[in-house]
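Everything below concerns the one structure shown next.
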Amino acid sequence: QDGSATAVPSDGVEYLVSTVVGGQTLDLDFDTGSADLWVFSSQLAASSRSGHAYYTSSKSSTYKALSGYTWDISYADGSGASGNVGLDTVQIGGTTVTNQAVELAKTVSSTFVSDASDGLVGLAFSSINTVSPQQQSTFFDNAQSSLDSPLFAAYLPFNADGAYDFGYTDSSKYTGSITYTSVDSSNGFWEYPSTSYKVGSTVHSLSGYTGISDTGTTLILMGDSAVTAYYNQVSGASYSSSQGGYIFPCSATLPTLSFKIGSTYATIPASLLNFGTASGSSCFGSLQSVGSGSQNIYGDVFFNAYYGVFDASGPSFGFATI
Ligand SMILES: O=C([C@@H]1CCCNC1)N1CCCCC1
């Protein structure tokens, strides 16, 4: 059944969605850049569970253990988690999946202990799920047959409650029309060509680059050529190793940043490109380096400006101004 679940911004880093797993309510981070649904669990050391809600399988009447199944995930930001696996009923908004693979954490890295989420719902393609010996399907893959349309959408307005819509697009959440581009899912991501960007009105080529729509990443991460070109246009900008990225005087005038999603530019307004105070009168940029490779990562800052539609028929990715 179609449904919508509220996404609440949490300390500007992530959006959390209240999710019921085997009758137990957890605040989970919806991550279109990975494909594991994992939760803080009673199997974690008490020190790792501190400050978090966690799932206890023995308290669920619908839990079924998958004996001998394990999972172990490492994210590009250096964080990670691992544990064992069972099946249970998962309810998100009005959409319920029975016998969803629920990955119970036995270990989580320190960033997860300090972050607000009680786990993640992976919404990338099931081909990159880490469960062994048999890969498991995502909540979205399992839900598709019960949805009017095989799609979900992310509405993540800046500093305000948003939503994830399952099975339909909600025209009250965007203006104008949704522009779609074909997705190449061969790497397991919602990935598409992204071969040009603009700093203000100046056009630059990004030959061979792709973009990945990742609601689990906070910022916009692009190749070093684009990041350098952008901050060259910001007076007083510099890379700060202590702050871990580009900073600039909070009084600086910022240009807009646009990048192609397929053949259509998405434009991020200057207001969203200042992520906030780094230290004193220095502010931290919402555009940072992805490091090596030719995959740009378009995270929550992108979704602060655009309603994002993840359509499994095709597959395709669509976006519309919010
Ligand atoms: O590991 C990640 C991110 C980390 C933050 C949470 N989302 C997944 N990647 C981004 C997408 C390409 C592969 C690496």
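These numbers come from the heavy atoms of this one structure, side chains and all, not from hydrogens, waters or symmetry mates. If you read the sequence from its start, that first residue is 1, and numbering goes on from there.
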Can you confirm whether Trp71 sits close enough to Ser132 that some side-chain heavy atom of one is under 4.5 Å from a side-chain heavy atom of the other? no
Take atom NZ in Lys106; do more than 12 heavy atoms of anything else shown fall under 6.0 Å from it? no
Would Val8 end up clustered with Leu26 when hydrophobic side chains under 4.5 Å apart are linked, directly or stepwise? no
Is there a side-chain contact (heavy atoms from CB on, under 4.5 Å) between Met222 and Val290? Walk through the geometry before answering. CA-CA 5 Å; Met222 295 182 72; Val290 74; 5.8 Å; no
In sequence, state the C-alpha distance, the side-chain angles, and the governing distance for Thr210 and Glu191, and then conclude on side chain to side chain donor-acceptor pair (under 3.5 Å). CA-CA 7 Å; Thr210 62; Glu191 185 172 12; 2.6 Å; yes
Is atom CZ of Phe275 surrounded by more than 12 heavy atoms (other residues, nucleotides or ligands) closer than 6.0 Å? yes
Taking atom types as modelled and ignoring hydrogens, do the side chains of Asp88 and Thr62 form a donor-acceptor contact shorter than 3.5 angstrom? yes
So Ser294 and Tyr209, do their side chains get closer than 4.5 Å, heavy atoms only? yes
Residue pairs fulfilling disulfide bond (SG atoms under 2.5 Å apart) with at least one residue in residues 272-322, sequence neighbours excluded: Cys250-Cys283
Give me the one residue out of Phe152, Tyr192, Tyr180, Trp190 that meets ring pair (Phe, Tyr, Trp, His ring centres under 6.0 Å) with Phe317. Tyr192
Intermediate values then yes/no, side chain to side chain donor-acceptor pair (under 3.5 Å), Asn84 and Thr70: CA-CA 4 Å; Asn84 47 25; Thr70 58; over 6 Å; no
Do Arg49 and Phe40 meet the cation-pi criteria used here (NZ or CZ under 6.0 Å from the six-membered ring centre, within 45° of the axis)? no
Should the heavy atoms of other residues, nucleotides or ligands under 6.0 Å from CD of Gln135 be counted, would the total exceed 12? yes
Using a distance-only test with no angle check, is there a side-chain donor-acceptor pair under 3.5 angstrom linking Ser82 and Thr107? yes
Quick one: do Ser286 and Leu272 satisfy side-chain contact (heavy atoms from CB on, under 4.5 Å)? Show the steps, please. CA-CA 7 Å; Ser286 305; Leu272 289 178; 5.6 Å; no
Do Ser279 and Ile247 make a side-chain contact, defined as non-hydrogen atoms from C-beta onward lying under 4.5 Å apart? no
Run the side-chain contact (heavy atoms from CB on, under 4.5 Å) test on Asp214 and Phe189 for me, step by step, so that the C-alpha distance in whole Å, both residues' side-chain angles and the decisive distance to 0.1 Å come before the verdict. CA-CA 8 Å; Asp214 180 15; Phe189 306 119; over 6 Å; no
Between Val21 and Leu44, is there a shared hydrophobic cluster once you connect ILVMFWY residues whose side-chain heavy atoms come closer than 4.5 Å? no
Indicate, with yes or no, if Phe158 and Ile220 share a hydrophobic cluster defined by side-chain heavy-atom contacts under 4.5 Å among Ile, Leu, Val, Met, Phe, Trp and Tyr. yes
Close side-chain approach of Asp31 to Tyr75, heavy-atom, < 4.5 Å: yes
Side-chain heavy atoms of Val39 within contact of Leu104, under 4.5 Å: yes
Single hit among Tyr197, Tyr306, Tyr265, Tyr298 for ring pair (Phe, Tyr, Trp, His ring centres under 6.0 Å) with Phe259: Tyr298
Apply side chain to side chain donor-acceptor pair (under 3.5 Å) to the pair Ser34 and Asp36, showing each step before the final yes or no. CA-CA 6 Å; Ser34 67; Asp36 285 48; over 6 Å; no
If you define the side chain from C-beta out and look only at heavy atoms, does anything of Leu37 sit under 4.5 Å from Thr138? no
Using the rule given for ring pair (Phe, Tyr, Trp, His ring centres under 6.0 Å), can you reason through Phe303 versus Tyr15, listing the C-alpha separation, both sets of side-chain angles and the distance that settles it, and then say yes or no? CA-CA 11 Å; Phe303 292 96; Tyr15 287 76; 9.3 Å; no
Same cluster or not: are Tyr55 and Val131 linked, directly or through other Ile, Leu, Val, Met, Phe, Trp or Tyr residues, by side-chain heavy atoms under 4.5 angstrom apart? no
In sequence, state the C-alpha distance, the side-chain angles, and the governing distance for Asn129 and Gln136, and then conclude on side chain to side chain donor-acceptor pair (under 3.5 Å). CA-CA 6 Å; Asn129 174 268; Gln136 300 297 303; over 6 Å; no
Determine, using ring centers only, whether Phe284 and Tyr246 are less than 6.0 Å apart. no
Examine Tyr63 and Ile92 and state if one hydrophobic cluster contains both, with Ile, Leu, Val, Met, Phe, Trp and Tyr joined whenever side-chain heavy atoms are less than 4.5 Å apart. yes
Would you check, one step at a time, whether the test side-chain contact (heavy atoms from CB on, under 4.5 Å) holds for Tyr164 with Val121? CA-CA 12 Å; Tyr164 282 88; Val121 176; over 6 Å; no
Can you confirm whether the side chains of Asp161 and Tyr155 place a donor and an acceptor under 3.5 Å from each other? no
